[in-house]
Amino acid sequence: MSLNGKVALVTGSTSGIGLGIARALAAEGADILLNGFGDPGQIEALRQEIAAASGVRVGYSGADISRPDEVAGMVRQAAEELGGPDILVNNAGIQFVASIADFPAGQWDRVIAINLSGAFHAMKAAIPGMQARGWGRIINVASAHGLVASTQKAAYVAAKHGIVGLTKVAALELANSGITANAICPGWVLTPLVQKQLDDRAAREGKSLQQITHELLTEKQPMAKFSTPESIGALAVFLCSEAAATMTGAPISIDGGWVSQ
Ligand code: NAD
């Protein structure tokens with residue numbers, strides 16, 4: 001297990017991609033601080049399940065990533081309960097779909113707060129400890145929408161382009177500190193976030209879920225296939241490895257060819 005003795009904080013890890021990353025890092029021996037919303041009983045069951053499956057310590061923070069004070073408290077909690085954090089995965093994210101003229105200002109603020117500013121506040125809180133230890137891995141979960149745009153997703157596309165830029169700044173500032181910062185840019189991954197978009201669109205257009213799924217995949221991705229939370233988790237493990245020690249500032253696509261077009 002390559003990550004024995006390391007502590008990973010994964011935001012938005014009660015579901016989807018974050019959960020896939022948390023499981024993969026735990027399987028490599030990292031202790032984990034989970035974060036995200038959900039039913040307390042289910043989160044506790046998840047915490048116990050990951051701890052038992054991988055023999056690591058697993059904690060939980062219910063911090064709301066849209067609140068800077070709670071984000072700083074979450075990083076402190078990781079340090080006090082588990083140590084580190086040596087690995088910070090900024091993954092928590094939401095979506096809101098509307099054209100710019102119709103986009104509610106409050107939804108803009110909320111998407112930017114969670115998908116972009118939360119990552120800044122977590123990095124600000126976690127970097128001094130990583131510098132003191134001389135090792136760190138920052139992994140920001142961006143998106144194909146960090147590199148190219150789609151209609152109806154102004155706040156999401158702006159936040160994801162922003163997080164790719166933030167990742168590059170961190171890579172430059174931390175270049176000779178033993179800390180790397182990279183951005184994973186997935187295409188479509190079937191998670192509750194995407195399931196909601198599929199359900200909404202199927203209802204709106206009166207088509208079957210199967211038809212809508214095929215349309216959604218093929219209008220953007222040459223590969224008509226979802227990436228999985230497990231594959232994103234495996235990529236995160238690679239970014240934490242010694243082999244990736246000089247990989248930094250990179251937006252890494254795992255998107256079925258989406259941004260090759
Ligand atoms: P998801 O809805 O399954 O999971 C989102 C997680 O974030 C959950 O654990 C949720 O509780 C948490 N979260 C939401 N708001 C929060 C807040 N204010 N504070 C703390 N936690 C909060 O979504 P997902 O598809 O797994 O998305 C995870 C990340 O991957 C997001 O940043 C998303 O933009 C990105 N992404 C997803 C896809 C995809 O196709 N699913 C593609 C590219 C990028």
Side-chain angles (χ1 to χ4, degrees), residues 9-24 32-40 42-43 46-47 50 60-75 77 89-97 106-107 109-119 121-122 139-150 153 155-164 166-167 183-200 213 216-217 219-221 223 225-233 235-236 251-256 258-259:
L9 193 177
V10 186
T11 71
S13 47
T14 52
S15 167
I17 292 172
L19 179 54
I21 293 174
R23 284 191 203 280
I32 305 287
L33 189 69
L34 294 170
N35 159 258
F37 300 148
D39 172 73
Q42 283 178 5
I43 293 172
L46 201 58
R47 198 189 65 71
I50 296 171
Y60 168 70
S61 160
D64 180 341
I65 300 301
S66 71
R67 299 184 49 105
D69 53 335
E70 294 191 21
V71 173
M74 172 184 68
V75 173
Q77 183 189 335
V89 183
N90 289 303
N91 164 81
I94 58 166
Q95 178 62 279
F96 190 87
V97 179
Q107 292 294 350
D109 289 345
R110 189 155 172 72
V111 172
I112 298 293
I114 296 169
N115 295 18
L116 178 57
S117 303
H121 293 297
I139 299 172
N140 292 326
V141 178
S143 166
H145 283 122
L147 302 169
V148 294
S150 293
K153 296 186 175 176
Y156 188 86
V157 169
K160 294 300 186 181
H161 275 66
I163 207 165
V164 169
L166 174 64
T167 305
I184 296 180
C185 299
W188 290 120
V189 184
L190 189 55
T191 66
L193 181 139
V194 169
Q195 189 64 51
K196 181 177 179 314
Q197 293 178 55
L198 289 168
D199 293 343
D200 289 352
T213 301
L216 178 107
L217 282 171
E219 74 194 9
K220 293 288 178 185
Q221 284 191 186
M223 241 181 230
K225 189 176 172 182
F226 287 107
S227 298
T228 62
E230 291 74 21
S231 61
I232 314 276
L235 179 52
I252 303 156
S253 293
I254 172 162
D255 68 356
W258 184 324
V259 305

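Order of appearance sets the numbers: ligands from 1, and atoms from 1 within every ligand.
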Looking only at protein heavy atoms, what sits closest to atom 41 (N) of ligand 1 is Val189 O, 3.0 Å
Nearest to atom 20 (C) of ligand 1 by heavy atom, Ile65, Leu193, Ile43: which? Ile65
Distance to 0.1 Å, residue and atom name: give those for the protein heavy atom nearest to atom 26 (O) of ligand 1. Ile17 N, 2.8 Å
Starting from atom 25 (O) of ligand 1, which protein heavy atom do you reach first, and at what distance in Å? Thr191 OG1, 2.4 Å
Where on Ile114 is there a heavy atom closer than 4.0 Å to ligand 1, on the side chain, on the backbone, on both, or on neither? side chain
Can you pull out the closest protein heavy atom to atom 5 (C) of ligand 1? Residue, atom name and distance to 0.1 Å, please. Gly93 O, 3.9 Å
Of all the heavy atoms in Phe226, does at least one lie under 4.0 Å from an atom in ligand 1? no
Applying a strict 4.0 Å limit to heavy atoms, is Ala144 in contact with ligand 1? no
Roughly how far, to the nearest 0.5 Å, is the CG atom of Leu9 from the CG atom of Asn90? 8.5 Å
Just to confirm my output: which protein heavy-atom neighbour is closest to atom 9 (O) of ligand 1, and how far is it? Thr14 OG1, 2.8 Å
To the nearest 0.1 Å, how far is atom 28 (C) of ligand 1 from its closest protein heavy atom, and which atom is that? Asn91 OD1, 3.2 Å
Looking at ligand 1, does any of its N/O atoms fall within less than 3.5 Å of an N/O of Gly12? yes
Min N/O separation Gly36 to ligand 1 under 3.5 Å: no
Given Ala63, Ser13, Ser15, Gly146, identify the one with the heavy atom nearest to atom 4 (O) of ligand 1. Ser15
Considering non-hydrogen atoms of the protein only, which is the closest contact for atom 11 (O) of ligand 1, and what is the distance? Phe37 N, 2.8 Å
Is there a heavy atom in Gly187 that sits closer than 4.0 Å to ligand 1? yes
With the threshold set at under 4.0 angstrom, would you say Ala142 reaches ligand 1 through any of its heavy atoms? yes
Would you please determine whether Val141 falls within less than 4.0 Å of ligand 1 on a heavy-atom basis? yes
Does ligand 1 have any atom that is closer than 4.0 Å to a heavy atom of Pro192? yes
Mind checking whether Trp188 and Trp258 have parallel, tilted or perpendicular rings, split at 30° and 60°? tilted
How does Val194 reach ligand 1, if at all, at less than 4.0 Å between non-hydrogen atoms: by side chain, backbone, both, or neither? side chain
Protein contact of atom 13 (N) of ligand 1 - nearest heavy atom, named by residue and atom, plus distance: Ala92 CB, 4.2 Å
With a 4.0 Å cut-off on heavy atoms, is His145 in contact with ligand 1? no
Tell me whether Ile94 has any N or O atom under 3.5 angstrom from an N or O of ligand 1. no
